[in-house]
Amino acid sequence: MTDFESRVSNLPGAAPLLEQRDDWWMTAPDLNVEAMARLMNDMGARLSTITGAALPDGETTIIYHYALQGHALNFKCRTRQNAIPSIAPVTDAANWIEREIHDLYGVEFTGHPALARLI
């Protein structure tokens, strides 16, 4: 197991990490996204984007996409009561992306510094 795999696997709420081509995927509904964002920053990963997708039960899938040394790292999580902690206080690049997902899906990013509408 690489250092990356070991560190990511030890995150609170982590699930098995799967390698697919040059990408790494973790589907972890209960992942501590703040700890994940801090770890990605510590490792020098760059937040590429965040995507959202509505689920039939009214919740939202949130996927955090990072780039690190030519690899894509993807963390698939889900909201609880359509809320999830904001990673904007840890990663500035998340600010507007979280605001857009808030506008489109009604997700409450708790702890976001200024969750004002963009659209």
Side-chain angles (χ1 to χ4, degrees):
M1 178 178 287
T2 66
D3 180 54
F4 162 74
E5 291 173 283
S6 175
R7 292 176 73 182
V8 169
S9 296
N10 286 320
L11 286 168
L17 190 61
L18 303 173
E19 186 175 12
Q20 298 175 349
R21 298 184 199 157
D22 287 337
D23 297 348
W24 289 93
W25 281 88
M26 179 183 287
T27 299
D30 298 318
L31 182 66
N32 181 321
V33 297
E34 294 162 304
M36 176 269 305
R38 282 191 298 277
L39 176 61
M40 292 297 96
N41 284 350
D42 291 348
M43 295 180 73
R46 179 182 59 84
L47 179 68
S48 300
T49 195
I50 305 169
T51 54
L55 295 169
D57 64 1
E59 297 296 335
T60 305
T61 294
I62 305 291
I63 306 173
Y64 299 89
H65 306 274
Y66 284 88
L68 178 65
Q69 300 173 355
H71 296 278
L73 315 172
N74 307 284
F75 299 91
K76 186 176 181 180
C77 308
R78 68 176 277 139
T79 59
R80 297 284 181 243
Q81 298 179 330
N82 218 25
I84 195 164
S86 173
I87 66 165
V90 177
T91 305
D92 290 338
N95 189 317
W96 280 45
I97 304 167
E98 289 182 349
R99 289 174 60 193
E100 182 179 40
I101 292 171
H102 171 73
D103 286 359
L104 298 173
Y105 298 99
V107 172
E108 289 298 320
F109 287 93
T110 56
H112 191 284
L115 198 57
R117 291 188 61 82
L118 284 175
I119 309 172

Under 3.5 Å donor-acceptor, Glu19 side chain and Trp24 backbone: no
Side-chain heavy atoms of Phe4 within contact of Leu17, under 4.5 Å: yes
From CG (Leu11) to CG (Asn32), nearest 0.5 Å: 7.5 Å
Validation row: Leu118, His102 side chains within 4.5 angstrom (heavy atoms): no
Heavy-atom closest pair, residues Val33 and Cys77: CG1-SG, 3.7 Å
Stepwise side-chain contact (heavy atoms from CB on, under 4.5 Å) test for Ile62 and Thr79: CA-CA 7 Å; Ile62 305 291; Thr79 59; 4.1 Å; yes
Leu39 with Val90, same ILVMFWY side-chain cluster at under 4.5 Å: no
Euclidean distance, Met36 CE relative to Thr91 OG1, rounded to 0.5 Å: 8.0 Å
same_hphob_cluster(Phe109, Ile63) at 4.5 Å side-chain heavy-atom cutoff: no
Atom of Ala94, atom of Ile87 and distance for their closest heavy-atom approach: CB-CG1, 3.5 Å
Cluster link Leu18 to Leu73, ILVMFWY, side chain under 4.5 Å: no
From CD1 (Ile50) to CG (Asn74), nearest 0.5 Å: 12.0 Å
Steps toward side-chain contact (heavy atoms from CB on, under 4.5 Å) verdict (His65, Thr51): CA-CA 8 Å; His65 306 274; Thr51 54; 3.0 Å; yes
Hydrophobic cluster identity match, Val8 and Trp25, side-chain contacts under 4.5 Å: no
side-chain contact (heavy atoms from CB on, under 4.5 Å) between Met40 and Phe75, worked out: CA-CA 11 Å; Met40 292 297 96; Phe75 299 91; 3.8 Å; yes
Greater than 12 external heavy atoms within 6.0 Å of Asp103's CG: yes
Shortest non-hydrogen contact between Arg99 and Arg117, atoms and distance: NH2-O, 3.5 Å
Atom of Glu5, atom of Ser9 and distance for their closest heavy-atom approach: O-OG, 2.7 Å
Minimum side-chain heavy-atom gap Lys76-Leu31 below 4.5 Å: no
Side chain Glu59, main chain Ala54, donor-acceptor under 3.5 Å: no
Reported CD-to-CD distance for the pair Glu108 and Glu98, which is rounded to 0.5 angstrom: 11.0 Å
Non-hydrogen atoms of Gly13 and Ala28 that approach each other most closely: O-CB, 3.4 Å
Transitive ILVMFWY side-chain link Tyr105 to Leu55, under 4.5 Å: no
Flag if over 12 foreign heavy atoms under 6.0 Å of CZ, Arg21: no
Ala45 to Tyr66 - nearest heavy-atom pair and separation: CB-CD2, 4.0 Å
Flag side-chain contact, heavy atom, 4.5 Å: Leu68 against Arg46: no
Positive for side-chain hydrogen bond (donor to acceptor under 3.5 Å, both in side chains) with Arg78, one of Thr60, Asp30, Thr61, Asp57: Asp57
